[in-house]
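Position 1 is the first residue of the sequence, and the numbers go up from there.
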Amino acid sequence: MKSKTKKRIIAFIMALIIIMTVAYVFYGKNWLAEQQYIQRQKNSEFLKNELMQKMLDIEKQSQEVFNEILNLSYDIELFQKQKIKLKKTDERIFEVNLEQKPYFDYKNLYLISSNQIFVLNKDLKKIKWDKHFEEELINIELLDANRILVLTKQKNAICLNRDSGKEIWIKQLKTLPKIKDNSIFQISLNKFKQLDRSIIVMYSDNEIELIENITGTSMVIYHSENKIEYLSDFDILEKCIYFIEKNKISKLIFDVKS
């Protein structure tokens with residue numbers, strides 16, 4: 001009797017061990033592996049964060065040292081400073097006021113008045129085409145596929161062909177996009193290879209000023225007789241900017257001399 005009871009107890013214990021073993025294989029082992037994976041991920045993230053922070057600290061320190069070297073080199077004039085002159089080469093007067101900044105592509109210049117768009121050559125001599133609208137214009141945007149988008153005050157977006165002005169499509173907008181002011185922008189070395197440093201362009205009232213971005217030193221100031229209303233981006237092909245004074249647009253060439 002005792003022998004049978006002992007065998008039953010041993011069988012029960014063996015069965016329990018088997019069940020626990022199976023449970024561990026299917027559940028416990030996976031749970032343990034999952035915990036190990038989670039810990040490895042935590043360790044990896046910690047190391048990456050620590051390394052990234054150290055890299056950022058090194059980059060910051062390197063940039064500070066680099067800026068100090070640049071400032072020092074400019075202060076003691078180890079290098080001959082580059083000189084830039086701004087020369088007005090062309091201008092054109094319209095019968096209406098121009099009311100947004102000039103836009104350009106590789107061959108044309110695009111201007112808008114209250115309800116009219118003008119497209120002309122970059123020498124400002126020939127108007128290729130112009131188009132009147134029943135609505136007041138507020139902005140234009142050059143698009144791919146040789147197209148230009150005209151935005152009206154009545155929330156219409158009108159797509160035109162750049163070469164002819166022919167209407168391609170029109171769409172009613174829910175809201176009008178905000179117009180960005182470019183009263184200050186940078187011309188970087190990778191954009192204008194002739195420069196020996198990046199420069200800042202800014203305008204106000206009747207002046208356009210070029211400033212060194214390293215030292216903040218004024219390089220040249222162009223004075224206009226009239227108030228400057230709008231300024232274009234830098235035209236890398238023509239090496240110039242265009243500015244508007246009421247009903248007149250002018251072309252300002254960057255003459256760079258080392």
Side-chain angles (χ1 to χ4, degrees), residues 84-133 135-153 157-168 177 179-188 191-194 199 201-204 206-210 222 224-256:
I84 301 178
K85 292 183 179 180
L86 297 175
K87 296 181 179 181
K88 186 167 74 170
T89 57
D90 303 290
E91 67 177 31
R92 186 183 185 96
I93 298 177
F94 291 81
E95 295 181 356
V96 295
N97 288 343
L98 302 172
E99 299 180 358
Q100 291 296 333
K101 78 170 189 176
Y103 288 82
F104 56 85
D105 55 21
Y106 70 98
K107 57 181 178 180
N108 296 329
L109 191 63
Y110 303 86
L111 309 172
I112 63 174
S113 65
S114 59
N115 66 335
Q116 191 172 3
I117 181 171
F118 301 93
V119 180
L120 57 158
N121 290 332
K122 288 187 175 181
D123 59 8
L124 311 183
K125 294 179 180 179
K126 179 183 178 182
I127 295 180
K128 291 186 173 182
W129 59 267
D130 65 282
K131 191 176 185 69
H132 288 266
F133 298 85
E135 309 172 31
E136 182 179 350
L137 308 183
I138 61 167
N139 203 9
I140 57 177
E141 185 70 27
L142 300 182
L143 306 177
D144 294 336
N146 201 35
R147 301 181 179 193
I148 181 172
L149 190 66
V150 179
L151 302 178
T152 74
K153 196 171 184 179
I158 306 169
C159 184
L160 307 174
N161 179 278
R162 290 193 202 179
D163 291 331
S164 64
K166 181 180 178 181
E167 183 176 312
I168 300 174
I179 300 175
K180 296 181 180 179
D181 181 19
N182 70 325
S183 58
I184 178 171
F185 62 92
Q186 177 181 263
I187 303 176
S188 58
K191 187 173 184 180
F192 190 7
K193 302 295 185 181
Q194 199 172 347
I199 59 176
V201 183
M202 60 174 61
Y203 80 96
S204 60
N206 63 334
E207 291 184 350
I208 297 175
E209 184 175 9
L210 304 187
Y222 174 83
S224 174
E225 296 179 357
N226 304 306
K227 182 180 178 181
I228 298 173
E229 303 286 349
Y230 303 101
L231 186 69
S232 76
D233 295 328
F234 181 69
D235 187 342
I236 184 60
L237 296 179
E238 298 290 322
K239 306 293 189 295
C240 76
I241 52 178
Y242 309 91
F243 66 95
I244 290 174
E245 304 160 295
K246 292 186 177 179
N247 64 334
K248 182 172 69 173
I249 181 168
S250 302
K251 183 177 184 178
L252 206 57
I253 296 290
F254 283 54
D255 184 15
V256 180

**Request:** Using the test side chain to side chain donor-acceptor pair (under 3.5 Å), find all partners of K191 that sit at least two apart in sequence or belong to another chain.
**Result:** none

**Complete:** For S188, the side chain to side chain donor-acceptor pair (under 3.5 Å) test, sequence neighbours excluded, returns N190

Just how far is it from atom [atom1] of [X] to atom [atom2] of [Y], taken to the nearest 0.5 Å?
| X | Y | atom1 | atom2 | value |
| --- | --- | --- | --- | --- |
| K166 | N161 | NZ | CG | 8.5 Å |
| S113 | F133 | OG | CZ | 10.0 Å |
| L111 | L137 | CG | CG | 12.0 Å |
| K227 | N206 | NZ | CG | 10.0 Å |
| N139 | L151 | CG | CG | 5.5 Å |
| I249 | S232 | CD1 | OG | 7.5 Å |

Please confirm whether the backbone N or O of [Y] pairs with a side-chain atom of [X], one donor and one acceptor, at under 3.5 Å?
| X | Y | result |
| --- | --- | --- |
| R92 | L124 | yes |
| D123 | K125 | yes |
| E99 | I112 | no |
| W129 | I117 | no |

**Prompt:** Of K85, K88, K87, which is the lone residue that meets salt bridge (charged side-chain N to carboxylate O under 4.0 Å, His left out) with D255?
**Reply:** K87

**Item:** Pairwise salt bridge (charged side-chain N to carboxylate O under 4.0 Å, His left out) hits with a residue in residues 234-250, at least two apart
**Value:** E91-K248, K122-D235, E238-K251, E245-K248

Should [X] and [Y] count as side-chain neighbours, where that means a heavy-atom distance under 4.5 Å?
| X | Y | result |
| --- | --- | --- |
| L98 | E229 | no |
| V256 | F192 | yes |
| I148 | V119 | no |

**Prompt:** Distance only, no hydrogens: is a donor on one side chain within 3.5 Å (strictly under) of an acceptor on the other, for Y242 and D90?
**Reply:** no

Which atoms form the tightest heavy-atom contact between [X] and [Y], and what is the distance?
| X | Y | answer |
| --- | --- | --- |
| F254 | C240 | CD1-CA, 4.1 Å |
| A157 | L149 | CB-CD1, 3.9 Å |
| N146 | D163 | ND2-OD2, 2.9 Å |
| N247 | V96 | CB-O, 3.2 Å |
| R162 | N108 | O-ND2, 4.3 Å |
| E141 | Y103 | OE1-CE2, 4.5 Å |

**Salt-bridge present (D233, K101; N to O < 4.0 Å)** = yes

**Request:** For the pair F94 and F118, name the ring-plane relationship: parallel under 30°, tilted 30 to 60°, perpendicular over 60°.
**Result:** tilted

**Complete:** Given the options F234, Y222, Y203, F243 meets ring pair (Phe, Tyr, Trp, His ring centres under 6.0 Å) only with Y222

**Message:** Would Q100 and I140 count as a side-chain contact (heavy atoms from CB on, under 4.5 Å) here? Give the steps.
**Reply:** CA-CA 9 Å; Q100 291 296 333; I140 57 177; over 6 Å; no

**Message:** Let's go through I208 and I241 carefully: what are the C-alpha distance in whole Å and the side-chain angles of both, what is the deciding distance for side-chain contact (heavy atoms from CB on, under 4.5 Å) to 0.1 Å, and is it a yes or a no?
**Reply:** CA-CA 10 Å; I208 297 175; I241 52 178; 4.1 Å; yes

